[in-house]
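Note sheet for the following structure.
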2 protein chains.
Amino acid sequence: MVGPMSPPSFAVTVDLVVLTIRERALQCLVVKRGSEPFAGRWALPGGFVETDEDLGDAARRELQEETAIGTGLHLEQLGSYGTPGRDPRGPTVTVAYLALAGSLDDPVAGSDAAGASWRGVDAGSAESLAFDHASILADGVDRARSKLEYTPLGAQLCPAEFTVAQLRAVYEVVWGQTLDPRNFHRKVTQTPGFLSPTGRRTTADGGRPAQLYRAGDAGRLHPPITRAHE
Amino acid sequence: MVGPMSPPSFAVTVDLVVLTIRERALQCLVVKRGSEPFAGRWALPGGFVETDEDLGDAARRELQEETAIGTGLHLEQLGSYGTPGRDPRGPTVTVAYLALAGSLDDPVAGSDAAGASWRGVDAGSAESLAFDHASILADGVDRARSKLEYTPLGAQLCPAEFTVAQLRAVYEVVWGQTLDPRNFHRKVTQTPGFLSPTGRRTTADGGRPAQLYRAGDAGRLHPPITRAHE
DNA sequence: GTAATAGTGTCTTTCAGACAATATCGA
DNA sequence: TCGATATTGTCTGAAAGACACTATTAC
């Protein structure tokens with residue numbers, strides 16, 4: 001029997017998968033790294049957790065520092081990644097968070113980072129991300145796809161006020177399939193708590209003016225919105 | 001601008017929520033701690049991650065060392081917990097894993113720990129767990145409840161071969177609600193890939209002999225099994 | 001036979017998918 | 001007027017909930 005040993009020492013980081021819809025595509029917030037390792041490469045926003053800081057608070061702080069986005073964003077823990085060697089600086093575990101941003105809060109500023117931008121989430125353009133961030137991003141997109149099925153979080157990817165058609169576009173882009181406008185309309189308007197009507201209308205899309213809604217207060221969709229699963 | 005600082009140092013642990021059904025109740029694997037902090041208190045099995053070790057591997061190793069259970073258990077990452085002060089030894093982040101154990105592999109041995117046992121998961125009996133393990137356990141139970149809806153993992157909580165009635169008992173215990181035997185039978189036997197018949201029968205429960213099944217190869221249930229949500 | 005559990009069938013309701021028809025705008 | 005989009009409605013098929021009924025064992 002040996003005496004008590006001090007436990008192995010790790011650095012802990014948070015990384016954020018922040019998704020939004022732009023140009024009718026699902027896009028992800030990335031920052032250009034200003035320092036080694038991977039200086040000049042694109043990566044998910046994130047950084048070291050302080051020892052007196054909760055994980056979620058660290059995620060919110062890093063998001064604020066690096067991209068000045070998303071006060072009041074819905075943040076959800078996605079998973080943790082600790083494969084040995086994933087960070088050349090030494091043993092590092094990262095806790096990934098997922099956030100969905102409405103299409104309006106797009107202006108992005110860098111402060112800690114050399115730059116920040118949105119980019120598509122398709123496999124090709126994600127390949128070049130630093131660390132294991134391509135894999136984390138893929139997990140985030142998967143999670144977002146699932147969340148849209150059984151939660152009303154699709155509304156988080158819309159502006160504060162939106163039409164049913166805009167919400168449908170979110171689903172179509174995230175799921176990569178077209179949905180029948182009439183059945184979708186029936187589904188979302190008749191699910192209690194999904195949408196709350198503002199009474200206002202917009203005619204921005206041409207055609208008959210559409211009702212404007214904001215996100216309702218439902219926590220979970222019953223029954224879920226179904227999609228063709230592979 | 002300051003120079004590069006060494007990042008804050010954390011210990012990283014894994015903790016396991018291992019659930020099974022015993023005595024018609026959902027039970028959880030706990031170990032009695034053999035050393036400080038919380039010596040003599042019950043806790044979830046778990047321990048420090050080595051720096052050259054993947055998180056999932058560490059979870060499997062700790063489970064093996066502390067309880068000699070579960071070679072070939074389904075292991076799934078549950079979430080990470082890093083509230084400052086959660087471990088009196090210093091800054092510690094724990095990555096929790098969820099596992100579902102069939103009712104047969106119950107004998108439990110301690111080696112690192114002073115003892116190991118199953119205990120009910122109800123709020124009352126979980127209160128006394130060390131660290132923030134009561135909260136982790138609650139999250140694990142929540143996750144298990146959800147997984148039963150849209151995956152065939154309920155079969156993982158049964159022996160290798162089981163009857164539809166045994167499977168139904170699993171759902172009833174985990175969800176805390178009774179299900180109609182006839183509708184449940186129709187649902188699980190007609191969902192492709194959920195169950196695979198062995199051809200054998202058992203009469204252990206009295207009455208007409210029941211078909212024995214083993215878990216099928218479906219990854220996801222379409223449509224899901226629904227439960228009354230609150 | 002009875003008691004007990006397994007399994008089938010049937011009716012009703014709810015809801016998704018397909019799609020016709022109508023409504024209300026701009027040009 | 002037309003072209004575009006929004007919204008309502010209708011029909012059909014899949015599947016859940018309720019529950020009668022039959023099947024097969026032990027006693």
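None of these values were measured; they are calculated from a predicted model. Protein chains get the first letters and strands the later ones, always in sequence-line order, with residue 1 at the start of each.
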Counting the atoms with a prime plus P, OP1 and OP2 as sugar-phosphate, which does [X] contact under 4.0 Å by heavy atoms, base, sugar-phosphate, or nothing?
X        : answer
A:Pro223 : sugar-phosphate
B:Asp205 : sugar-phosphate
B:Gln190 : nothing
A:Thr189 : nothing

Among [options], the nucleotide that comes nearest once only the side chain of [X] is considered:
X        : options                : answer
B:Arg186 : D:dC19, C:dC25, D:dA16 : D:dA16
A:Arg208 : D:dA6, C:dC19, D:dA18  : D:dA6
A:Arg182 : C:dG7, C:dC19, D:dT25  : C:dC19

Whether the side chain of B:Arg145 engages the backbone of B:Val174 through a donor-acceptor N/O pair (distance < 3.5 Å, no angle test) should be reported. yes
Starting at atom [atom1] of [X], determine the distance to atom [atom2] of [N], rounded to an integer number of angstrom.
X        : N      : atom1 : atom2 : result
B:Arg168 : C:dG7  : CZ    : C1'   : 12 Å
B:Arg227 : D:dG17 : CZ    : P     : 13 Å
B:Tyr150 : D:dA15 : OH    : P     : 21 Å
B:Leu167 : C:dT5  : CG    : C1'   : 16 Å
A:Phe184 : C:dC15 : CZ    : C1'   : 16 Å
A:His185 : C:dA16 : NE2   : P     : 15 Å
A:Leu179 : D:dT5  : CG    : P     : 17 Å
B:Asn183 : C:dC11 : CG    : C1'   : 12 Å

For C:dA16, does the base pair up with any side-chain atom of A:Asp180 as donor and acceptor (N or O, under 3.5 Å, distance only)? no
Donor-acceptor side-chain pairing of A:Asp15 and A:Tyr81 below 3.5 angstrom: no
Below 4.0 Å: OP1/OP2 of D:dG17 and any side-chain N or O of B:Thr226: yes
Within the structure, does a side-chain N or O atom of A:Lys187 lie under 4.0 Å from either OP1 or OP2 of C:dA16? yes
Do A:Thr189 and A:Gln211 touch side chain to side chain, with heavy atoms closer than 4.5 Å? no
Using 0.5 Å steps for rounding, measure from the CZ atom of B:Arg60 to the CG atom of B:Asp54. 9.5 Å
Which of parallel (below 30°), tilted (30 to 60°) and perpendicular (above 60°) describes B:Trp175 and B:Tyr171? perpendicular
For B:Thr203 and for A:Tyr213, find the nucleotide of DNA chain D with the closest heavy atom, then tell me which residue's nucleotide is more 5'. A:Tyr213
Taking for each residue the nucleotide of DNA chain D with the nearest heavy atom, is it B:Gly207 or B:Pro224 whose nucleotide lies nearer the 5' end? B:Pro224
